[in-house]
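Note sheet for the following structure.
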Amino acid sequence: MAQTSTTFNAISSQLRKNNKAVHPGVTSFPFDIPKDQPVLIAGPTASGKSALALEIAQTGGGVIVNADALQVFENWRIVTARPSEAEEALAPHALYGHIPGDQAYSVGHWLRDVTPYLNGDLRPIIVGGTGLNLSALTEGLADIPMTPTAVRTDCEAILQTQGIQALLKDLDEETLARIDTLNPARISRAWEVQRTTGRGLADWQDDTPAPLLPLSDACPIVLNADRDWLRDRIERRFDLMIASGALDEARQNLSTWSPKDPSAKAIGAPELIAHLAGEISLAEAKARAIIASQQYAKRQRTWFRKRMHNWKAIPLPA
C-alpha cells in the first residue's frame, strides 16, 4: 500500500477501539484515502460522520470543515451534535459555531466561508449532512437574486392558509422533478425563486458556474446507513444529548428564543423549549425530537440516493 494513503481498515479499527458505538459491525472498507486530496463526508444524522472525520484527521492530517447548515450556529452545540470542545482539541476544526443564532446563513455564505480552506496549508476534510452545501461545492451554485421580503411573506401566507400543495402546483415540471417534494423548505425556496425571477429553479441550476471543488478533485464518501440501524442510533443519541446537558443548553436559549430565528430549526430545540415553557413533558419532547430526527434522516437518505450516486458509498452497518 502506498504510504500516501490511509486505509479505511485502519480508520475502522480506530473507531471501534475508541468508541464501539460509532460503527458497529463495520469490518473493512474497500478503498484508500489519499493524504494529498480533500475529503468529503456526507451521511444522514447520527451516522457517525464527525467521528469518521476526526479519525481521518488524526490518522492522515487535515482540518475538519463543517458543512452542516445548523452546526454553524453558536447557541446550539449539544442539540446540533457539534463536536465537543475535547474533540475539537484533537484536530483543527473550522466553521463550527461561528454564526449568531438569529443571523441568516445561506449556502452562498457557506461557500464564501469554505473557500479559504480549499487552498490552505491543511488538507480539508469537509463533513456534514446538508446535501445542498456539498452539492453546491462540487457542482456549482446558481447566482439567484435575493428573495424580497414581500415574496417570502406571500409564500408563508400561502403555506399557512392553503398548504404545501398550493405551492407545488405553481412550480414547473423540471423543478418538481429535481427538488425534494416532501421538504417544505425546499418547496418554498423553489416557489420564491420562481415568483421573484420569473424563472424556475431548475432553469437557474442549468445556468450554474463552475464548482469550487469538482468531485473529481476530491475523495467523496457517503455513509449509506440502514434505516432500522439508524433509527436506533437516533433514539440513543437523544438520550446522550440530555445526559450531556442539552436541557441546560435550552435553558440558556430560553430568554432569547424565537421560532423565526435560523437556529430554531435545530431538531430538538423547539421541543426542549416547549418543555421548559411548561407546554409538554420531557418524555413528549424526547418523542417529538426523535420523530423529527428520523423524518429528517429519511429526507437526507433520499437526497443522497438521488444526488450522490457518484460518491463512494459505505454501507452501515456492513
Side-chain angles (χ1 to χ4, degrees), residues 1-19 22-23 26 28-69 71-72 81-83 87-96 107 110-111 113-141 211-225 300 303-304 307-316 318:
M1 179 183 304
Q3 292 183 350
T4 57
S5 296
T6 298
T7 68
F8 259 119
N9 289 324
I11 294 170
S12 178
S13 176
Q14 285 295 322
L15 284 171
R16 292 195 302 278
K17 178 180 178 181
N18 296 342
N19 184 351
V22 173
H23 288 314
V26 177
S28 65
F29 293 85
F31 54 86
D32 299 337
I33 303 176
K35 287 186 178 180
D36 59 352
Q37 194 173 52
V39 178
L40 306 174
I41 303 175
T45 185
S47 60
K49 300 183 298 296
S50 296
L52 179 57
L54 183 56
E55 288 297 338
I56 293 173
Q58 290 186 286
T59 307
V63 54
I64 299 171
V65 184
N66 172 45
D68 185 278
Q71 290 183 345
V72 300
R82 268 169 49 198
E87 289 168 330
E88 289 182 338
L90 296 175
H93 285 69
L95 305 188
Y96 288 95
V107 180
W110 180 78
L111 288 176
D113 289 348
V114 80
T115 298
Y117 297 98
L118 301 178
N119 301 302
D121 295 332
L122 296 176
R123 178 261 304 268
I125 302 166
I126 303 171
V127 55
T130 303
L132 187 59
N133 280 356
L134 294 168
S135 294
L137 176 66
T138 59
E139 300 171 14
L141 181 68
L212 293 175
L213 179 63
L215 204 61
S216 58
D217 293 345
C219 178
I221 302 165
V222 58
L223 302 181
N224 186 10
Q300 288 177 301
W303 175 283
F304 301 146
R307 298 289 296 271
M308 295 182 171
H309 49 83
N310 292 327
W311 290 45
K312 300 176 187 295
I314 300 299
L316 297 173

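Because the structure is a prediction, the values reported are computed rather than measured.
What you find for G129 and F304 is that their closest heavy atoms are O-CZ, 3.8 Å. Of all non-hydrogen atoms in A91 and L54, the two that sit nearest each other are CB-CD1, 3.8 Å. When all heavy atoms of G140 and P211 are compared, the pair lying nearest together is N-CB, 3.4 Å. What you find for G128 and L134 is that their closest heavy atoms are O-CD1, 3.6 Å.
Here the CG atom belonging to D32 is positioned 11.5 Å from the CD atom belonging to Q37, to the nearest 0.5 angstrom. Taken to the nearest 0.5 Å, the CG atom of L40 stands 8.0 Å off from the CE atom of M308. How far CG of L223 is from NZ of K49: 7.5 Å, rounded to the nearest 0.5 Å. If you take CG on N133 and CG on N66, they are separated by 8.5 Å, rounding to the nearest 0.5 Å. Interatomic distance, R82 CZ to S50 OG, rounded to the nearest 0.5 Å: 11.0 Å. Here the CD1-CD1 distance, from I126 to I64, works out to 12.0 Å after rounding to the nearest 0.5 Å.
Partners of Y117 under the ring pair (Phe, Tyr, Trp, His ring centres under 6.0 Å) rule, at least two apart in sequence or in another chain, do not exist in this structure.
Taking 4.5 Å as the limit, some side-chain heavy atom of L215 sits within range of a side-chain heavy atom of W311.
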